[in-house]
Amino acid sequence: MQNIKRYRFFILLILVVIAYSNRVSAQYNFSLNYEEFDIFFSPKKCVDTIEFTLKGRYAGYKLKLYLKDCKGEAHFKLFDKKNGLRMSGNYDNAIDTLKKYRLGRYLAQPEGVEKYSISAIRYLYPLKAGEWVYYEGEGKRKKSRTVTYVYTTE
């Protein structure tokens with residue numbers, strides 16, 4: 001009888017640990033928005049190296065993002081179309097979650113009717129941090145800037 005009680009307690013303890021670990025990992029499952037490079041994504045792993053082919057301002061450039069955690073802390077390197085290093089720098093973790101709406105339009109609606117689906121997306125906005133270095137030519141350092149923040153409350 002004593003063994004059955006221990007066994008039940010052990011099973012209950014394992015279930016509590018599993019439930020808690022799922023809750024903890026789920027609370028950091030947000031999209032990340034790196035506005036400088038116009039990328040918005042949900043990381044599959046918290047620590048990862050991710051490569052992007054960019055559009056817009058840096059069309060055709062490659063971004064290597066070395067993600068350090070799920071809140072957006074990262075180091076990056078930006079390469080031009082000829083694989084030359086153009087920029088490198090860092091991001092700090094986002095301070096808080098933000099929210100935006102995603103709209104989806106229903107097709108094949110009657111004349112004069114517009115129908116949309118709407119969902120709220122919670123995301124993190126990592127902050128530029130530390131030294132950002134700009135390069136020209138074959139990795140020659142052109143200029144740099146240091147980014148810092150003074151946090152205020154309202």
Side-chain angles (χ1 to χ4, degrees), residues 10 12-107 109 113-154:
F10 181 71
L12 180 65
L13 182 64
I14 289 174
L15 291 174
V16 168
V17 168
I18 290 171
Y20 180 74
S21 66
N22 285 340
R23 184 175 162 212
V24 168
S25 65
Q27 79 185 58
Y28 294 114
N29 190 17
F30 298 109
S31 295
L32 298 172
N33 182 7
Y34 295 90
E35 189 174 56
E36 174 78 18
F37 304 110
D38 196 27
I39 55 175
F40 189 94
F41 70 102
S42 295
K44 292 183 174 97
K45 297 189 296 188
C46 290
V47 178
D48 201 1
T49 299
I50 307 167
E51 291 188 31
F52 298 93
T53 299
L54 302 178
K55 299 177 183 174
R57 181 174 167 189
Y58 297 107
Y61 281 38
K62 302 267 187 227
L63 178 72
K64 270 194 177 179
L65 189 67
Y66 305 95
L67 198 58
K68 296 178 182 179
D69 66 24
C70 286
K71 288 184 158 186
E73 183 177 353
H75 176 72
F76 74 88
K77 290 183 180 179
L78 179 67
F79 298 91
D80 63 20
K81 295 173 184 177
K82 297 179 181 178
N83 209 28
L85 181 62
R86 303 303 293 174
M87 187 187 328
S88 66
N90 299 290
Y91 281 92
D92 273 347
N93 285 332
I95 298 172
D96 201 356
T97 57
L98 303 172
K99 190 183 287 188
K100 75 180 200 172
Y101 298 114
R102 176 175 288 160
L103 298 174
R105 187 171 185 182
Y106 285 89
L107 301 177
Q109 296 298 308
V113 175
E114 292 184 18
K115 184 176 179 181
Y116 297 92
S117 64
I118 186 167
S119 58
I121 300 170
R122 292 175 53 180
Y123 69 98
L124 296 168
Y125 187 92
L127 302 170
K128 297 176 185 177
E131 185 177 35
W132 278 43
V133 181
Y134 301 84
Y135 302 92
E136 64 183 352
E138 297 172 10
K140 294 178 187 170
R141 192 176 174 132
K142 181 179 175 181
K143 66 179 181 176
S144 68
R145 67 178 179 167
T146 301
V147 181
T148 58
Y149 295 93
V150 177
Y151 297 98
T152 61
T153 58
E154 289 187 24

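Remember, it's a predicted structure, so these values are computed and weren't measured experimentally. If you read the sequence from its start, that first residue is 1, and numbering goes on from there.
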Please confirm whether the backbone N or O of Cys46 pairs with a side-chain atom of Asp69, one donor and one acceptor, at under 3.5 Å?
no
Please report the C-alpha distance between Ser88 and Lys77 in whole Å, then the side-chain angles of each, then the deciding distance to 0.1 Å, and finally whether the side chain to side chain donor-acceptor pair (under 3.5 Å) criterion is met.
CA-CA 4 Å; Ser88 66; Lys77 290 183 180 179; over 6 Å; no
Angle class for the Phe76/Trp132 ring planes (parallel below 30°, perpendicular above 60°, tilted otherwise)?
perpendicular
Answer whether the closest heavy-atom distance between the side chains of Tyr58 and Leu78 falls below 4.5 Å.
yes
Look at the side chain of His75 and the backbone N and O of Leu65, then say whether any donor-acceptor pair between them is shorter than 3.5 Å.
no
More than 12 heavy atoms of other groups within 6.0 Å of Asp38 CG
no
Any side-chain heavy atom of Gln109 within less than 4.5 Å of one from Glu114?
no
Does any part of the side chain of Met87, heavy atoms only, come nearer than 4.5 Å to the side chain of Tyr61, both counted from C-beta?
no
Quick one: do Lys128 and Glu36 make a salt bridge, cutoff under 4.0 Å?
yes
Are any of the side-chain heavy atoms of Ile39 and Leu54 separated by less than 4.5 Å?
yes
To the nearest 0.5 Å, how far apart are CG in Leu124 and CG in Asp96?
8.5 Å
Taking the six-membered ring of Tyr134 as reference, does the NZ or CZ atom of Lys142 fall below 6.0 Å from its centre and within a 45° cone about the axis?
no
Rounded to the nearest 0.5 Å, the NZ atom of Lys100 sits from the OG atom of Ser119 at a distance of 10.5 Å
As a quick check of understanding, evaluate side-chain contact (heavy atoms from CB on, under 4.5 Å) for Tyr135 and Lys140, giving each step before the final call.
CA-CA 5 Å; Tyr135 302 92; Lys140 294 178 187 170; over 6 Å; no
Determine whether Phe37 and Phe52 satisfy the following criterion, ring-ring contact (aromatic ring centres under 6.0 Å, His included), listing intermediate values before the conclusion.
CA-CA 10 Å; Phe37 304 110; Phe52 298 93; 9.3 Å; no
Flag yes if more than 12 heavy atoms outside Tyr101 fall under 6.0 Å of its OH atom; otherwise flag no.
no
Kindly determine whether Tyr149 and Leu127 satisfy side-chain contact (heavy atoms from CB on, under 4.5 Å), including the steps that lead there.
CA-CA 9 Å; Tyr149 295 93; Leu127 302 170; 3.7 Å; yes
Enter the distance from Ile121:CD1 to Lys99:NZ here, rounded to the nearest 0.5 Å.
11.0 Å
Distance check, rounded to the nearest 0.5 Å: Leu98 atom CG versus Ser31 atom OG?
11.5 Å
Here the gap from Arg102 atom CZ to Ser117 atom OG, rounded to the nearest 0.5 Å, amounts to 10.0 Å
For residues Leu32 and Leu67, determine if any side-chain heavy atom of one lies less than 4.5 Å from a side-chain heavy atom of the other.
yes
Could you report the tightest heavy-atom contact between Gly72 and Tyr34, atom names first, then the distance?
O-OH, 2.7 Å
Quick one: does NZ or CZ of Lys115 land under 6.0 Å from the six-membered ring centre of Tyr106, within 45 degrees of the ring axis?
yes
What distance do Leu85 atom CG and Lys64 atom NZ have between them, rounded to the nearest 0.5 Å?
10.5 Å
Do Phe30 and Thr97 come within less than 4.5 Å of each other through their side chains, counting heavy atoms only?
yes
Test item: Asp48 side-chain N/O and Ile50 main-chain N/O as donor-acceptor pair under 3.5 Å:
no
Strictly by modelled atom types, are Tyr125 and Glu35 linked by a side-chain donor-acceptor pair under 3.5 Å?
yes
Quick one: salt bridge (Lys or Arg N to Asp or Glu O under 4.0 Å) partners of Arg141, sequence neighbours excluded?
Glu131
